[in-house]
Amino acid sequence: AATEGRPELVGVTATTPTVPLAGDLAARVKAALPGVTVVVGGPHATALPERTLREYPAVDIVARGEAERTLPALLEALAADDRSAALAQVPGLAFRADGPGGDVVDTGIAAPTRDLDTLEPPARDLLPMERYRSVDADRFSTLLAMRGCPCTCVYCAVPEVFGRRMRYRSPARVVAEMGEVYDRWGIDFFSFLDDTFTTRRRWVLEFADAME
């Protein structure tokens with residue numbers, strides 16, 4: 001069981017430029033906490049799961065695509081008597097069937113969440129929000145209002161990770177989250193992480209109305 005300062009699982013995200021750092025971090029985690037399970041997600045691991053596992057042996061499992069549904073199922077599978085068999089039933093994973101050097105089992109990319117309003121907001125209360133700063137504000141927070149992109153740019157991984165079908169949170173839910181962040185932490189500067197914020201003009205206008 002996990003204890004304070006000694007988790008059972010450590011999760012890391014990585015883009016292609018940062019995956020060497022993620023691999024190094026995974027190795028450091030393994031050295032400090034033998035037996036811990038290291039999971040890597042993000043665009044690079046989603047697109048290249050076998051390569052990620054091959055190049056970074058300290059990574060135990062790759063989480064592919066959106067992980068809100070995958071991670072809870074992953075935790076249940078890790079508690080099973082036959083972990084490999086249980087993991088093989090979880091969509092959105094790649095892992096070595098028999099530990100280091102074993103064949104890679106890839107269960108495919110997890111199906112995206114169609115209704116983003118069903119997802120809980122980030123657990124910011126678990127984070128040191130006072131430490132999050134940007135070049136434009138002493139305190140800020142990030143937001144995500146939509147996922148997906150209909151384009152097929154060769155240099156971009158967004159369709160690979162989030163799909164080509166656009167999915168939107170309701171403008172009212174986004175504004176309500178902003179209000180909660182302001183009320184709890186006094187933050188009034190937000191950075192939207194959306195890759196395609198202005199794709200649907202009507203949504204942007206509805207968001208502006210909700211802000212007013």
Side-chain angles (χ1 to χ4, degrees), residues 10-26 38-56 58-71 73-74 90-95 104-122 132-137 140-171 173-175 177-178 189-208:
V10 172
V12 184
T13 189
T15 60
T16 297
T18 64
V19 73
L21 294 175
D24 180 64
L25 178 59
V38 177
V39 179
V40 171
H44 184 91
T46 293
L48 300 169
E50 291 193 32
R51 178 174 170 178
T52 300
L53 290 168
R54 182 178 70 251
E55 293 183 347
Y56 305 102
V59 175
D60 298 303
I61 302 172
V62 164
R64 305 187 65 198
E66 299 178 14
E68 287 93 353
R69 312 297 188 201
T70 300
L71 282 177
L74 165 61
V90 179
L93 297 180
F95 61 95
V104 173
V105 176
D106 185 353
T107 66
I109 297 179
T113 301
R114 288 185 175 273
D115 186 357
L116 298 184
D117 282 339
T118 64
L119 299 176
E120 294 293 326
Y132 286 86
R133 297 180 173 87
S134 77
V135 295
D136 299 302
F140 91 115
S141 185
T142 57
L143 286 171
L144 192 69
M146 60 199 68
R147 291 178 178 174
C149 181
C151 302
T152 57
C153 304
V154 296
Y155 54 81
C156 181
V158 170
E160 179 81 13
V161 178
F162 295 120
R164 294 185 62 190
R165 179 179 180 270
M166 290 295 300
R167 292 161 291 138
Y168 298 82
R169 296 175 63 194
S170 65
R173 289 289 295 270
V174 176
V175 173
E177 182 180 340
M178 296 171 72
F189 190 94
F190 297 89
S191 174
F192 280 84
L193 301 180
D194 306 300
D195 300 285
T196 47
F197 188 84
T198 58
T199 300
R200 184 182 293 177
R201 183 174 184 270
R202 186 180 66 183
W203 187 96
V204 176
L205 294 175
E206 289 176 356
F207 171 75

[X]: partners by side-chain contact (heavy atoms from CB on, under 4.5 Å), with sequence neighbours left out:
X    : value
E66  : E68, P112, T113, R147, F162, R167
L53  : V59, V62, A94, R96, V104
P150 : M166
L71  : A67, L74

Side chains of R69 and P91: closer than 4.5 Å at any heavy-atom pair?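 Heavy-atom side-chain distance check fails, nothing below 4.5 Å.
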Enter the distance from L119:CG to R169:CZ here, rounded to the nearest 0.5 Å.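 One gets 8.5 Å once the value is rounded to the nearest 0.5 Å.
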Hey, what do you get for CG (L93) to CD1 (I61), rounding to the nearest 0.5 Å?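 The CG atom of L93 sits 6.5 Å away from the CD1 atom of I61.
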Non-hydrogen atoms of [X] and [Y] that approach each other most closely:
X    : Y    : answer
C149 : T196 : SG-CG2, 3.6 Å
S134 : F189 : OG-CE2, 3.9 Å
W203 : S170 : NE1-C, 4.4 Å
P43  : V161 : CA-CG2, 3.6 Å
A26  : V38  : CB-CG1, 3.7 Å
R164 : C151 : NE-O, 4.1 Å

Evaluate the side chain to side chain contact (heavy atoms under 4.5 Å, CB included) criterion for residues V40 and Y56: first the C-alpha distance (whole Å), next the side-chain angles of each, then the deciding distance (0.1 Å), finally the verdict. CA-CA 10 Å; V40 171; Y56 305 102; over 6 Å; no
Test ring-ring contact (aromatic ring centres under 6.0 Å, His included) applied to F192 - qualifying residues, sequence neighbours left out: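 F192 satisfies ring-ring contact (aromatic ring centres under 6.0 Å, His included) with F197, F207 only.
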I'd like to know if the side chain of T46 reaches the main chain of G65, judged simply by a donor and an acceptor atom lying under 3.5 Å from each other, with no hydrogens or angles considered.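 Between the backbone of G65 and the side chain of T46 there is a qualifying donor-acceptor contact (under 3.5 Å).
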Set of residues satisfying side chain to side chain donor-acceptor pair (under 3.5 Å) with respect to [X], sequence neighbours excluded:
X    : value
T198 : none
E160 : none
T107 : none
R51  : E55

Can you name the salt bridge (Lys or Arg N to Asp or Glu O under 4.0 Å) partners of D106, sequence neighbours left out?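 Testing D106 for salt bridge (Lys or Arg N to Asp or Glu O under 4.0 Å), a comparison that skips the adjacent residues, returns R64.
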May I have the list of side-chain donor-acceptor pairs in residues 10-20 shorter than 3.5 Å, sequence neighbours left out?
unit_1	atom_1	unit_2	atom_2	d
T15	OG1	T18	OG1	3.1
T16	OG1	H44	ND1	2.8
T18	OG1	T15	N	2.9
T18	OG1	T15	O	3.3

If a pair satisfies salt bridge (charged side-chain N to carboxylate O under 4.0 Å, His left out) and one of its residues is in residues 189-200, list it, with sequence neighbours excluded.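 Of all non-adjacent pairs touching residues 189-200, none passes salt bridge (charged side-chain N to carboxylate O under 4.0 Å, His left out).
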